[in-house]
Each structure stands twice: as structure tokens, then as C-alpha cells.
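Everything numeric in this text was worked out from a predicted model, so none of it was measured. We count ligands from 1, going down the list as the structure has it; atoms in each ligand are counted the same way.
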Amino acid sequence: MRPTDAGVIARYRERLPIPHNASAVSLNEGNTPLVRLNSLSDDQREIEIFAKVEGANPTGSFKDRGMTVAISMAAHEGSEAVICASTGNTSAAAAAYAARAGMKAIVIIPDGQIALGKLAQAMMHGARVIQIAGNFDQGMEIVKAISQKAPVTLVNSVNPFRLHGQKTAAFEIVDTLLRCPDYHFLPVGNAGNISAYWMGYSEYLETGDLARRPVMVGCQASGAAPFVQGTPIERPDTIATAIRIGKPQSWALAQAACEESAGWFLGRSDEEILAAQRHLAQNEGIFCEPASATSVAGVMLALGESAIPNGSCVVCTLTGQGLKDPDTAISQCPEPQRVSPQIDAVHDAILD
Ligand SMILES: *Cc1c(COP(=O)(O)O)cnc(C)c1O
């Protein structure tokens, strides 16, 4: 593959609604690792579990897949500025791709609840960062209204190009596994991504690249679980800030994905989510952010309840990089031991 042939637009262009004369604004996103989780796979029961490591994308989350398409189309249509509400990763991706396209990015973030690395990204890429004394859902209403009356393109996942870009992750999984997973677990916040995966699997079914589709399992944090509760919620709360959303914009699409696939939604507590994050870091060598670990926490629950039959192939999406949220990581770990700079002191300490 030549460098200019990389990126999801170059690789899946014929499956994306992009005019042939539109050029791609790309950071060579996609083509992320699909890693077998040996600690959770079960040879005896012939259950194989894989993680799609989306933290390996250029800005550290799957949002890059959607953003390359959304920003390419905004540029093609002559837009000079983009706007989004964000729990962090959308703003990081919007800021980076806008910088690459020579466009302005305006990002609306909730008060306080944004992981440090994501804020650093938006600021460093030169976005105009506006913090509101409110939550993501309120920010979402504001950017929808502003993009109606100001000459700025909305690049949240209500922008249909976002989901088209993100569906390429499903293509990659099938192209790599050379089969359809039986189950697909993923974290659900605004619910764009589960809808995008379902679109991807469904398109592969239509073109005969698949004979069936996986069961979709949407994993939420218990404190921010509108799908589990069956109704939007006013005050979502979870340590997994990327999915701290009470009024998902892609509600109907996500519900349809779940129902058509005979799947389900589940909720996991913050403690269970962080335990899954540590499990991945300490047993698999994969450092994902808390929201991402929700999918693995969901797999652990399903395995414990014997909800996954023997012989199943399971994929879970790890949506973002662990480095995004260093505070939550450090707060779970023992502090480094402090000793004097002497051989004996260090020797004693490590044998302790
Ligand atoms: C955006 C995001 C999610 C949630 O995806 P939705 O499409 O909003 O459901 C989950 N994890 C991470 C790390 C994210 O950035």
C-alpha cells in the first residue's frame, strides 16, 4: 500500500457516499489492530474474544473514521468552519482534521467532565474551545441550533457522513477475520457507533460479503444507561466520561440495530468498568480509556451469565486510548515507591 492509499476513504471509497472529485482529508486512520484477548478466550468452550483497538487511530479514538469523511465533505462543499459538542474525543478529532483541512473548529465541551488528554488535543490543534456550565446533552442542543443559522458545519454523529466513515470498522473486522463475528459488544454513548457498525455489517450482507450479521450488544455505564432504562435520562453520571450521555442522538438507529440483530443493552457500574480497564492493561497489555473498557466489562458479564454459547467468535470495540485520561488511570494505581538513589536501597525495594 502506498502512503497515499491509506485511510478509510482510500480503502473503502466505493462504499462511501463521496463524490469522485472530492479529495480526502485523511491522517491515514483505520486499519487498526484486531487483537485476540487470550485471558478471556476459552479454548475448552471454543470461545474466541477479539478486541478492535480503535485507540490506535491517529487522534486516539474511532472518531477519526467518521471525521475524515465528515471533514472531507465539509471541505468539498466549501465550508470554512466546523462545530461539535463533545465529551472529548469528537473535539480532538474535529480539531485535528480541521487543522489538516485548513478549517476552523469550534468545540463545545461540558463543564469539568472532560479527560485531560482530550482537552490538550483540542487546544493544541487550535480549536476554539468553549466550555459550558452544563452537560453534553445541553451542548448538543446548542450546536444543533447554531449550525442551523450560522455558516458552520455540524460534525457530531448526527452528520450522516460520520456514520458512513465509522461503518468501515465493521468492514475491517470481516476483512480480517474472514468471517462474521457471532457477537459484537461496544460501548454506547450518543449511539452513533453501534448504528454505524450495524450499517457496515448490513451493507456487507447486501453485497454478499457476509451471509449473516452479528448479534449487537450495547454496553452502557449504569449511571448513564438510557437504553437499559428505556428512557432518556436528565443527569447522566459516570467516570467513563466519553459515554456520559443521557439523551442519545441516534436512539432509533441503535434500538433498531439491537432489535434486528436479536441483541441487547446492558449496564455496568463504574467499579466494573474500571476493573475491566485494569484487566486489559495488566493481562493483555492494552491500555484503553474507561469508556472503552465498558465493552469488555459487558463481555465479562455475558460470559459469567453463560449468555455466549460455546463455539462463539466475539468482537469487542475498544473505542479510545488509555492515555487520554491519565488522571483516572493514576488514581487506580499505587504510587511509585520512593527510595534513595543507592544500589542497596533500590535492591531492597525491588525484593520487598
Ligand atoms: C464517542 C465515544 C464513545 C461512544 O460512542 P457513541 O457513538 O457516542 O455511542 C465510546 N467510547 C469512546 C472512547 C468515545 O470517544
R15 and T207: side chain donor to acceptor below 3.5 Å: yes
Any salt bridge linking K52 with E172? Criterion: basic side-chain nitrogen under 4.0 Å from a carboxylate oxygen. yes
Given E284 and R36, is the salt bridge (charged side-chain N to carboxylate O under 4.0 Å, His left out) satisfied, shown in steps? CA-CA 9 Å; E284 299 285 358; R36 186 177 188 273; over 6 Å; no
List by chain and number: which residues place a heavy atom under 4.0 Å from ligand 1? F62, K63, N89, V188, G189, N190, A191, G192, N193, A242, I243, E289, A291, S292, T319, G320
In this structure, would W264 and V314 fall into the same cluster of hydrophobic residues linked by side-chain contacts under 4.5 Å? yes
Show me the donor-acceptor pairs within less than 3.5 Å that the side chains of residues 76-86 make with the rest of the protein, sequence neighbours left out.
from : atom 1 : to   : atom 2 : distance (Å)
S79  : OG     : A81  : O      : 3.0
S79  : OG     : T153 : OG1    : 2.7
S86  : OG     : G88  : N      : 2.7
S86  : OG     : T90  : N      : 3.4
S86  : OG     : S91  : N      : 2.9

May I ask you to say whether K247 pairs ionically with E141, meaning some side-chain N is under 4.0 Å from a carboxylate O? no
